[in-house]
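Since the structure is predicted, the reported quantities are computational estimates derived from the model, not experimental observations.
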Amino acid sequence: MDTLFDEGPGSNLRAEKRAAIARADVIIGVDVTTQNEFTVYGMPALEETVRIGKEVALRTLRVALDEQNGELEKLVAIVRAVKRGQDYLAE
């Protein structure tokens with residue numbers, strides 16, 4: 001998660017991860033402690049798949065994060081910046 005924001009020597013890795021976010025149809029955050037999952041992006045695509053009742057190939061990115069350390073909010077922010085939107089609704 002930290003490499004998404006890191007400006008240091010791993011900047012190429014950061015760029016690769018941002019590119020993966022840009023390519024993803026669905027982005028899910030997974031808390032490393034609780035294993036809770038949060039749909040951050042792609043809810044309309046998932047709902048459409050359920051509506052039509054057929055499997056649809058969606059590029060899905062799962063991001064391990066620590067929700068207690070604010071990483072979910074960081075992921076939402078980076079997805080908003082890269083994708084120009086997000087679907088996460090805080091409970």
Between NZ on residue Lys17 and CD1 on residue Ile78, distance to nearest 0.5 Å: 11.5 Å
Test side chain to side chain contact (heavy atoms under 4.5 Å, CB included), reference Leu65, set Thr33, Leu75, Val40, Val30, output is Leu75
Rounded to the nearest 0.5 Å, how far does OH of Tyr41 lie from CG of Leu61? 12.5 Å
For Glu55, is the CD atom crowded, meaning more than 12 foreign heavy atoms sit under 6.0 Å from it? no
Decide whether Val82 and Ile28 are clustered together by the hydrophobic rule: side chain heavy atoms of Ile, Leu, Val, Met, Phe, Trp, Tyr closer than 4.5 Å, transitively. no
Please round to the nearest 0.5 Å and tell me the distance separating atom NZ of Lys74 and atom CG of Asn69. 8.0 Å
Do you know which two heavy atoms are closest between Val32 and Ala64, and how far apart they sit? CG1-CB, 3.7 Å
So how far is it from Gln68 CD to Asp31 CG, rounded to the nearest 0.5 Å? 7.0 Å
If Ile, Leu, Val, Met, Phe, Trp and Tyr residues are connected whenever their side-chain heavy atoms lie under 4.5 Å apart, and connections chain through other members, are Leu72 and Val79 in the same group? yes
Sidechain-backbone polar pair: Thr60 side chain, Leu58 backbone, donor-acceptor under 3.5 Å: yes
Under 4.5 Å between any side-chain heavy atoms of Lys83 and Ile21, yes or no? yes
How long is the straight-line distance from CZ of Arg80 back to CD of Glu73, given to the nearest 0.5 Å? 10.5 Å
State yes or no: do Leu46 and Val56 share one hydrophobic cluster built from I, L, V, M, F, W and Y residues joined by side-chain heavy-atom distances below 4.5 Å, directly or via other members? yes
Arg59 side-chain N/O to Asp25 backbone N/O, donor-acceptor pair under 3.5 Å: no
After noting the C-alpha distance and the side-chain angles of Glu47 and Arg51, does the key distance pass the side-chain contact (heavy atoms from CB on, under 4.5 Å) rule? CA-CA 6 Å; Glu47 289 171 346; Arg51 188 187 70 73; over 6 Å; no
CD1-OG1 distance between Ile27 and Thr39, expressed to the nearest 0.5 angstrom: 10.5 Å
Determine whether more than 12 heavy atoms belonging to other residues, nucleotides or ligands lie under 6.0 Å from atom CD of Glu48. yes
Shared hydrophobic cluster for Val26 and Ile52 (ILVMFWY, side-chain gaps under 4.5 Å): yes
With a 3.5 Å distance limit and no angle check, can you tell me whether Glu71 reaches the backbone of Asp66 through a side-chain donor-acceptor pair? yes
